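Each remark here refers to the structure printed beneath this line.
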There are 2 protein chains.
Amino acid sequence: MADVISPAKLAANPLFLRDEDLRQGIELLFYAYRDFTGEPDAILARLGLGRAHHRAIYFVGRHAGITVSELLAILKITKQSLSRVLSQLVREGYIQQRPGKRDRRQRLLELTDKGKELERQLTRTQRERIARAYRDAGAEAVAGYRKVLLGLIDETERRKILARLDGSKAG
Amino acid sequence: MADVISPAKLAANPLFLRDEDLRQGIELLFYAYRDFTGEPDAILARLGLGRAHHRAIYFVGRHAGITVSELLAILKITKQSLSRVLSQLVREGYIQQRPGKRDRRQRLLELTDKGKELERQLTRTQRERIARAYRDAGAEAVAGYRKVLLGLIDETERRKILARLDGSKAG
DNA sequence: GAAATTACGTCAGCCATATTGACCTATATC
DNA sequence: GATATAGGTCAATATGGCTGACGTAATTTC
């Protein structure tokens, strides 16, 4: 009963908001994410690393000098979880820490050359995959992709992320 | 050095294929997925279940009478991993199994009433989130979202998934 | 300048989810 | 009858989350 959509509700919704279409949207996200993470995972496995290391390396590479707490805010995991990953990456020479100038409690993170090399290797497959999808779909579709994904993000996060994305672009 | 894009390559690419834009596309996918899974996870945690249970419940709900091997092909995990999840869901009365008619080795899966109820509860938040994003972005953007996500999926999978999506729509 | 807060780290234990490899049963198929 | 397939199971292992408690150094506040 509860999954029967009332005629009124149905009429109020444009065609692309039917339950079927929403489910399709959910599933496409699942499938895309599933396949998107597959290739880097294989590379990481050979190095004794996991997807969590990839995420850390990616965002440190993206925002050189990022603080631990900023990274935590991006990843939305606990500091204990991040700590395990991060200390391994530091120990194995992928990431360097240096104390913050303004605030010496901070440990600013950046990739070493070894880290940059791995980052490139990991991101290459994903960048190629995205590039292919973008090219095949065309500029207009890309704009739509961005618009919808942005709309899926928590509202309170959206501004911050937009700033982050644009910030990287500028700097 | 290796991350410097050659002028030739740059010129050959339309604006939306610049490295920055590709990275933006990667990150949007990460953020959207991160926030997309947050709400159901909270519900599941209270029931002693995890994200893996959600996925199983979702796809069994979507394809009533699905076989175990079909479900494995969708989730792309090992049968041992699925088995743990599935047997818990059967034990706790969310999913029923019945032998296949044509092939009695098969165990066709379907949601019980309890399972359907949970499925609705879990999917509600995601459906609402997608609906909001779709509505805000508009029909054209939605088409682009679908196009790009489909392009991100492994090529060998794309046909199968399209058939699956359309099949659910028809039947 | 003492007290409180903040940034970060760490130890310990728990749980969910994935893996590989080996082995088993029942049913289909050649 | 032999072989293949659908599915399940036992065991061991790894990853990546979590909570809770505690510690240190630096900054901020009163």
Side-chain angles (χ1 to χ4, degrees), chain A residues 30 33-34 37-38 40-60 65-92 95-110, chain B residues 30 33-35 37-38 40-58 60 65-92 95-110:
Chain A
F30 164 76
Y33 198 82
R34 180 196 67 179
T37 51
D41 283 0
I43 300 171
L44 289 156
R46 273 177 255 139
L47 298 172
L49 302 173
R51 198 179 294 180
H53 300 92
H54 185 189
R55 291 198 278 256
I57 285 180
Y58 180 89
F59 283 107
V60 170
I66 192 177
T67 66
V68 172
S69 48
E70 283 165 351
L71 188 52
L72 282 173
I74 290 178
L75 299 176
K76 282 201 182 167
I77 56 175
T78 61
K79 64 173 173 174
Q80 292 92 328
S81 296
L82 178 58
S83 172
R84 198 177 344 93
V85 166
L86 214 47
S87 55
Q88 187 182 350
L89 290 173
V90 169
R91 207 183 319 125
E92 299 182 10
I95 286 180
Q96 271 181 347
Q97 296 173 315
R98 60 183 158 84
K101 254 189 179 168
R102 215 188 52 249
D103 184 337
R104 290 197 330 250
R105 291 171 303 178
Q106 298 179 334
R107 313 214 182 160
L108 308 185
L109 305 171
E110 52 194 9
Chain B
F30 165 76
Y33 198 82
R34 179 196 67 176
D35 290 351
T37 50
D41 282 359
I43 299 171
L44 288 156
R46 273 177 254 139
L47 298 172
L49 303 173
R51 199 178 292 180
H53 300 91
H54 185 189
R55 290 197 279 254
I57 285 179
Y58 179 88
V60 170
I66 193 176
T67 66
V68 171
S69 47
E70 283 165 351
L71 187 52
L72 282 173
I74 290 178
L75 299 176
K76 283 201 182 166
I77 56 175
T78 60
K79 65 175 174 173
Q80 293 90 327
S81 295
L82 178 58
S83 171
R84 197 185 346 95
V85 166
L86 215 48
S87 55
Q88 188 182 350
L89 290 173
V90 169
R91 205 182 322 125
E92 298 182 9
I95 286 181
Q96 272 181 348
Q97 296 173 315
R98 60 183 159 83
K101 254 189 177 168
R102 217 189 50 249
D103 186 338
R104 290 198 328 253
R105 290 170 306 178
Q106 298 179 331
R107 313 214 180 159
L108 309 185
L109 305 170
E110 52 194 8

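Chain letters run A, B, ... following the sequence lines, proteins first and then strands; every chain starts at 1. Since the model is a prediction, treat every value here as computed from it, not as a measurement.
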Which of B:V90, B:L86, B:I57 passes side chain to side chain contact (heavy atoms under 4.5 Å, CB included) with B:L109? It is B:L86
Separation of C:dT10 atom P from A:K79 atom NZ, nearest Å, is 10 Å
For B:R104 and C:dT25, give me the distance from atom CZ to atom P, rounded to whole Å. 18 Å
Which atom names give the shortest non-hydrogen contact between A:E70 and A:I66, and what distance separates them? OE1-CG1, 3.3 Å
A:L82 atom CG is separated from C:dT10 atom P, nearest whole Å, by 11 Å
Atom-to-atom span, CD of B:Q106 to C1' of C:dT29 - whole angstrom: 14 Å
List the atom of B:G65, the atom of B:L108, and the distance in Å for their closest heavy-atom pair. O-CD2, 3.5 Å
Heavy atoms of B:L44 and B:G50 approach each other most closely as CD1-O, 3.4 Å
Might you point out which heavy atoms bring B:L71 and B:V60 nearest each other, and give the distance in Å? CD2-CG2, 4.0 Å
For A:T37 versus A:D41, what's the shortest heavy-atom pair and its separation? O-CG, 3.0 Å
Find which nucleotide of DNA chain D each of A:T78 and B:L108 is nearest to by heavy atoms, and output the residue with the more 5' nucleotide. B:L108
Per the atom types in the model, does the base of C:dT6 pair as donor or acceptor with the side chain of A:R105 at under 3.5 Å? yes
Atom CZ of A:R107 to atom P of C:dC8: distance rounded to whole Å? 8 Å
Between A:S83 and C:dT10, does any side-chain N or O lie under 4.0 Å from OP1 or OP2? yes
Nearest-nucleotide wise, let me know which of A:V85 and B:Q80 is further upstream toward the 5' end of DNA chain D. B:Q80
B:Q88 CD to C:dA18 P, straight-line distance once rounded to whole Å: 13 Å
Chain A reaches DNA chain D, atoms under 4.0 Å from its heavy atoms, from D:dT15 to D:dT27
Answer with base, sugar-phosphate or nothing: what part of the nucleic acid does B:S87 contact at a heavy-atom distance below 4.0 Å? nothing
Value for CG (A:L72) from NZ (A:K79), rounded to nearest 0.5 Å, stands at 9.0 Å
Do B:R84 side-chain and C:dA18 base share a donor-acceptor contact under 3.5 Å? yes
With sugar-phosphate meaning primed atoms plus P, OP1 and OP2, does A:S81 contact a base, only sugar-phosphate, or nothing at under 4.0 Å between heavy atoms? base
Enumerate the residues from residues 45-56 of chain B whose closest heavy atom to DNA chain D is under 4.0 Å, giving them by residue number; use none for an empty result. none
Testing A:Y33, A:Y58, A:F59 one by one against B:F30 for a ring-ring contact (aromatic ring centres under 6.0 Å, His included), which residue passes? A:F59
Is A:Q97 touching bases, backbone alone, or none of the nucleic acid, heavy atoms closer than 4.0 Å? sugar-phosphate
Quickly, which of A:R107, A:R105, A:K101 forms a salt bridge (charged side-chain N to carboxylate O under 4.0 Å, His left out) with A:D103? Name it, please. A:R105
